[in-house]
Amino acid sequence: MEREQVARLLEKYWQVETTVEEEKMLAEYFRGVDVPPEWETYRDIFSFYEQEREVKPGEELEERIMERVRSRPRLRGAWWGAAACIVLGLGLSLYQGEGGKPVAYQGDKPRAYQADQPIAKNVYKDTYDDPQQALAAVQKALLVASRNMNKGLQPLK
Amino acid sequence: MKDKLYRLALRLLLDGHDAEDVVQEVMIRLWSRREEWGQWQNLEAYCMTAVKNSCLDRLRKRQLRPVGEERARDVNSHDKDPHEKMIAKETFMQIRKCMDELPQHQQLVIQLREMEGFSYNEIAEVLGISLDQVKVNLFRARNAIKKSIIQTESSWKENR
């Protein structure tokens, strides 16, 4: 860049009339070696800004931020999972509770169960007539459930 | 971008660790609102504003608790390599001192313009001031630094 051009830009610079581009040209000029002594001071100022531009945060900052950013959604997913389990569990137990209730409270008064009376239609109906058979079925169901649960927990161990 | 945010925070807080904290805070907040990024005109200016506000909050809190002595500029040691530190001129120290003593808006305008190359409009947006105020602040700051350096350099010459 010509000396006159630099002088003109400098004048504009001190009047706050330079564009960002023109200021970049000035910075580039003062990075050079052949700066006349009367502009030494300006070179100092421009190289000070240059040096300040090199100031950076520690390397670990980015890692720290990325770690926080990455761990968040996963954590949130786990919480949603836990919440869903609780809701599902509550729903199931309520549903089963509803089904089991009406036996004793038919009609206005609670009445005791009597073996010789015919049982109302909407009353809980047993799947099995033989208690032994029922017990075996329940045991089998629980066994399947526990086996699957163990299978599911395996990778976590 | 995080380097620019860090430098702005450092200019205001003069403390490397606090500056990193602020940058981390702002970046994480930014990430949590990533669905909104498209609506923002200028992400960088938005972040710079967030950093500025967060720093001003911290400065206010600092003022509330009594601090015995002025905080020394605590920049992380990895900012400059030892060789660069050795040749850091006395003039640089003088410029830094002069900058530290400028009114806050002038410091910020210098930081955003000279170090980060922001346009007047962007500076006005980040600082929440008018274009004219940006120019007035920049004019005063540039000339204050120039005057201070010319004065110290001429006094050195006289002493020799």
Side-chain angles (χ1 to χ4, degrees), chain A residues 6-7 9-31 33 35-77 79, chain B residues 2-7 9-11 16-17 19-21 23-28 30-32 34 75-81 84 88-96 99 110-111 113-120 122 134-143 145-146 149-150 152-154:
Chain A
V6 178
L9 281 184
L10 273 173
E11 207 168 304
K12 277 175 82 183
Y13 174 80
W14 297 115
Q15 292 303 314
V16 191
E17 284 162 1
T18 36
T19 62
V20 174
E21 281 312 307
E22 286 170 333
E23 284 165 29
K24 273 186 190 152
M25 284 163 73
L26 278 175
E28 182 65 43
Y29 170 76
F30 283 112
R31 230 175 273 143
V33 278
V35 175
E38 65 264 36
W39 287 345
E40 266 308 297
T41 309
Y42 302 158
R43 188 177 64 184
D44 286 342
I45 294 173
F46 276 94
S47 48
F48 170 76
Y49 294 147
E50 194 92 28
Q51 183 201 273
E52 290 289 285
R53 245 170 263 144
E54 296 304 310
V55 173
K56 286 180 175 67
E59 297 278 319
E60 335 79 62
L61 179 66
E62 192 160 341
E63 283 163 37
R64 227 160 52 216
I65 294 171
M66 288 315 289
E67 224 168 80
R68 290 275 305 272
V69 163
R70 255 187 256 124
S71 69
R72 280 208 162 177
R74 224 186 286 156
L75 211 80
R76 211 177 277 162
W79 281 114
Chain B
K2 81 178 182 331
D3 296 349
K4 288 186 185 184
L5 299 179
Y6 173 73
R7 285 192 288 264
L10 188 61
R11 165 102 313 270
H17 297 288
E20 286 193 359
D21 279 355
V23 174
Q24 179 172 341
E25 197 184 292
V26 168
M27 297 283 276
I28 288 168
L30 179 74
W31 180 253
S32 70
R34 58 192 175 283
V75 179
N76 294 326
S77 51
H78 46 250
D79 285 343
K80 285 172 244 150
D81 69 68
E84 241 183 337
K89 290 187 206 164
E90 256 176 286
T91 320
F92 284 6
M93 281 165 65
Q94 181 58 35
I95 299 172
R96 178 163 292 142
M99 255 189 96
I110 285 278
Q111 181 72 35
R113 180 70 176 196
E114 312 289 34
M115 276 60 139
E116 317 302 356
F118 274 44
S119 71
Y120 297 139
E122 285 170 324
V134 171
K135 286 183 188 170
V136 168
N137 276 299
L138 187 58
F139 178 84
R140 289 189 183 147
R142 272 181 186 168
N143 286 283
I145 290 169
K146 177 176 150 190
I149 301 312
I150 289 175
T152 32
E153 285 187 347
S154 64

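In what follows, chains are A, B, ... by sequence order, proteins preceding strands, each numbered from 1.
Contact count versus chain B (heavy atoms, under 4.5 Å) is highest, among A:Asp44, A:Thr19, A:Ile65, for A:Asp44.
Using a cut-off of 4.0 Å between Lys/Arg side-chain N and Asp/Glu carboxylate O, A:Glu52 and B:Arg7 are scored as not salt-bridged. Salt bridge A:Glu17/B:Lys135: absent, no basic N to carboxylate O contact under 4.0 Å. Ion pairing between A:Glu59 and B:Lys2 fails under the 4.0 Å rule for side-chain N and carboxylate O.
Put simply, the side chain of B:Arg142 never gets that close to the backbone of A:Trp14: no donor and acceptor are under 3.5 Å apart. A donor-acceptor contact shorter than 3.5 Å is absent between the side chain of A:Arg68 and the backbone of B:Glu25. In this structure a side-chain-to-backbone donor-acceptor pair under 3.5 Å is present from B:Glu20 to A:Gly58.
Atom CZ of B:Arg140 has 12 or fewer heavy atoms from other residues, nucleotides or ligands within 6.0 Å.
Taken to the nearest 0.5 Å, the CD atom of A:Glu54 stands 12.0 Å off from the CE atom of B:Met115. Separating the CD atom in B:Gln24 from the CG atom in A:Leu61 is a distance of 6.0 Å, to the nearest 0.5 Å. In this structure, CG on B:Asn143 lies 7.5 Å from CD on A:Gln15, to the nearest 0.5 angstrom. Interatomic distance, CD1 of B:Ile150 versus OG1 of A:Thr41, reported as 5.5 Å (0.5 Å rounding).
Looking at heavy atoms from C-beta onward, B:Tyr6 lies out of side-chain contact with A:Lys56 at the 4.5 angstrom threshold. Side-chain contact check for A:Glu23 versus B:Glu114: some heavy-atom pair is nearer than 4.5 Å. Side-chain contact between B:Val23 and A:Pro57: absent, with no pair of heavy atoms (C-beta onward) separated by less than 4.5 Å.
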*Derivation and outcome, side chain to side chain contact (heavy atoms under 4.5 Å, CB included), residues A:Tyr49 and B:Ile145*: CA-CA 12 Å; A:Tyr49 294 147; B:Ile145 290 169; 3.5 Å; yes
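The side-chain tip of B:Arg96 does not point at the ring of A:Phe48 from less than 6.0 angstrom away and within 45° of straight on.
Residue contact with chain B, scored on non-hydrogen atoms closer than 4.5 Å, is absent for A:Glu50. Looking at B:Leu5, neither its backbone nor its side chain comes within 4.5 Å of chain A, counting heavy atoms on both sides. Of the atoms belonging to B:Tyr120, it is side-chain heavy atoms, and not backbone ones, that fall under 4.5 Å from chain A. For a residue to count as touching a neighbouring chain, one of its non-hydrogen atoms must lie under 4.5 Å from one of that chain's; by this rule A:Ser47 touches chain B with backbone and side chain alike. For B:Lys4, no part lies near chain A; criterion is any non-hydrogen pair under 4.5 Å.
With sequence neighbours left out, A:Tyr42 forms a side chain to side chain donor-acceptor pair (under 3.5 Å) with no residue at all.
Across B:Arg113 and A:Thr18, no two heavy atoms sit closer than the pair NH2-O, 3.0 Å.
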